[in-house]
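Please read these numbers as outputs of a predicted model, since none were measured by experiment. Note: hydrogens, waters and symmetry copies are ignored here, and every other heavy atom, side chains too, is used.
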Amino acid sequence: MQNSFIIFQKLLVLFGFMLIGYLSYKKKWISDDTSSQISGLIVNIFNPALIISGVIGSVGNGNWNLVIMDLILAVILFVVLILISPAFVRILGVKKDERNIYAVMLIFSNLGFMGIPIVTSIFPERGMLYISVFTMIDQLMLWTVGVRLTSKAE
């Protein structure tokens, strides 16, 4: 029950940040260019720095058997999601020319912006190590399978 409350708190904080960003954009305090630059900073600098510092700080605390299990489970999860996503997009009735985009949306989550803060709040000592392993597999699959699916001509 305590973890549910922590998750709820983190989601409220993230929602608050999104609301501040939305209102700032509507008030024209942030332009399209500024928004793009902020996103670039988060994706290219802040998230990688957060992951690196978290992993460096938790290397001595990690159980390497759990790290290997995390790696294996992440690969299994993505293989299963890749295999079942075509069936789901058909069940959803998505037009044929949009199916690959929907499949990518079903396979890959918003791990960097939402997953990292939530996992590290529930597991402050070792969470970053395990989420980093999962993120590595997520990004590897996104930049191989995801790019292939979104650039495939049908």
Colleague: So which heavy atom on Gly146 is nearest to which on Val104, and how close?
Modeller: O-CG2, 3.9 Å
Colleague: Identify each donor-acceptor pair in which a side-chain atom of residues 111-118 lies under 3.5 Å from a protein atom, sequence neighbours left out, and give them as a table.
Modeller:
none

Colleague: Measure the shortest side-chain to side-chain distance between Tyr130 and Val119 over non-hydrogen atoms and say whether it is less than 4.5 angstrom.
Modeller: no
Colleague: Given side-chain contact (heavy atoms from CB on, under 4.5 Å), test Met105 with Ile101 step by step and report yes or no.
Modeller: CA-CA 6 Å; Met105 289 190 294; Ile101 298 295; 4.3 Å; yes
Colleague: First locate atom CG of Leu149, then atom CD1 of Ile107, and finally report the distance between them rounded to the nearest 0.5 Å.
Modeller: 5.5 Å
Colleague: Go through the steps for Val147 and Leu142 under the test side-chain contact (heavy atoms from CB on, under 4.5 Å), then give the verdict.
Modeller: CA-CA 7 Å; Val147 168; Leu142 175 65; over 6 Å; no
Colleague: Report yes if some heavy atom in the side chain of Met141 is under 4.5 Å from a heavy atom in the side chain of Val75; otherwise report no.
Modeller: no
Colleague: State, to 0.1 Å, how close Pro48 and Asn44 come at their nearest heavy-atom pair, and which atoms those are.
Modeller: CG-O, 3.6 Å
Colleague: Is there a path from Ile91 to Val80 through hydrophobic residues (I, L, V, M, F, W, Y) whose side chains come within less than 4.5 Å of each other?
Modeller: no
Colleague: Examine distances only and state if a side-chain atom of Ser85 and a backbone atom of Ile82 form a donor-acceptor pair shorter than 3.5 Å.
Modeller: yes
Colleague: What about Ile72 and Leu140, same hydrophobic cluster or not, with Ile/Leu/Val/Met/Phe/Trp/Tyr joined at side-chain heavy-atom distances under 4.5 Å?
Modeller: no
Colleague: Look up atom CG in Leu73 and atom CD1 in Ile68, then write down how far apart they are to the nearest 0.5 Å.
Modeller: 11.5 Å
Colleague: Would Tyr102 and Phe88 satisfy side-chain contact (heavy atoms from CB on, under 4.5 Å), going step by step from the backbone distance to the final call?
Modeller: CA-CA 9 Å; Tyr102 277 78; Phe88 273 100; over 6 Å; no
Colleague: So, does Arg99 use its side chain to make a donor-acceptor pair with the main chain of Val94 at under 3.5 Å?
Modeller: yes
Colleague: Check residues 6-32 and write down every donor-acceptor pair under 3.5 Å in which the side-chain atom is one partner and the other belongs to a residue at least two apart or another chain.
Modeller:
unit_1: Ser24; atom_1: OG; unit_2: Ile20; atom_2: O; d: 2.7
unit_1: Tyr25; atom_1: OH; unit_2: Asp32; atom_2: OD1; d: 2.4
unit_1: Ser31; atom_1: OG; unit_2: Asp33; atom_2: N; d: 3.4
unit_1: Ser31; atom_1: OG; unit_2: Thr34; atom_2: N; d: 3.2
unit_1: Ser31; atom_1: OG; unit_2: Thr34; atom_2: OG1; d: 3.0

Colleague: Any heavy-atom pair between the side chains of Met69 and Asn65 that's under 4.5 Å?
Modeller: no
Colleague: Measuring from Gln139:CD to Thr135:OG1, what's the distance to the nearest 0.5 Å?
Modeller: 7.0 Å
Colleague: Going through the distances and angles, do Val67 and Leu129 end up as a side-chain contact (heavy atoms from CB on, under 4.5 Å)?
Modeller: CA-CA 8 Å; Val67 171; Leu129 178 62; 3.7 Å; yes
Colleague: What are the two closest non-hydrogen atoms of Asp70 and Phe134, and how far apart are they?
Modeller: OD2-N, 3.9 Å
Colleague: Could you give the distance from CG (Asn100) to OG1 (Thr150), rounded to the nearest 0.5 Å?
Modeller: 8.0 Å
Colleague: Nearest 0.5 Å please: distance from the OG atom of Ser132 over to the CG atom of Asp138.
Modeller: 12.0 Å
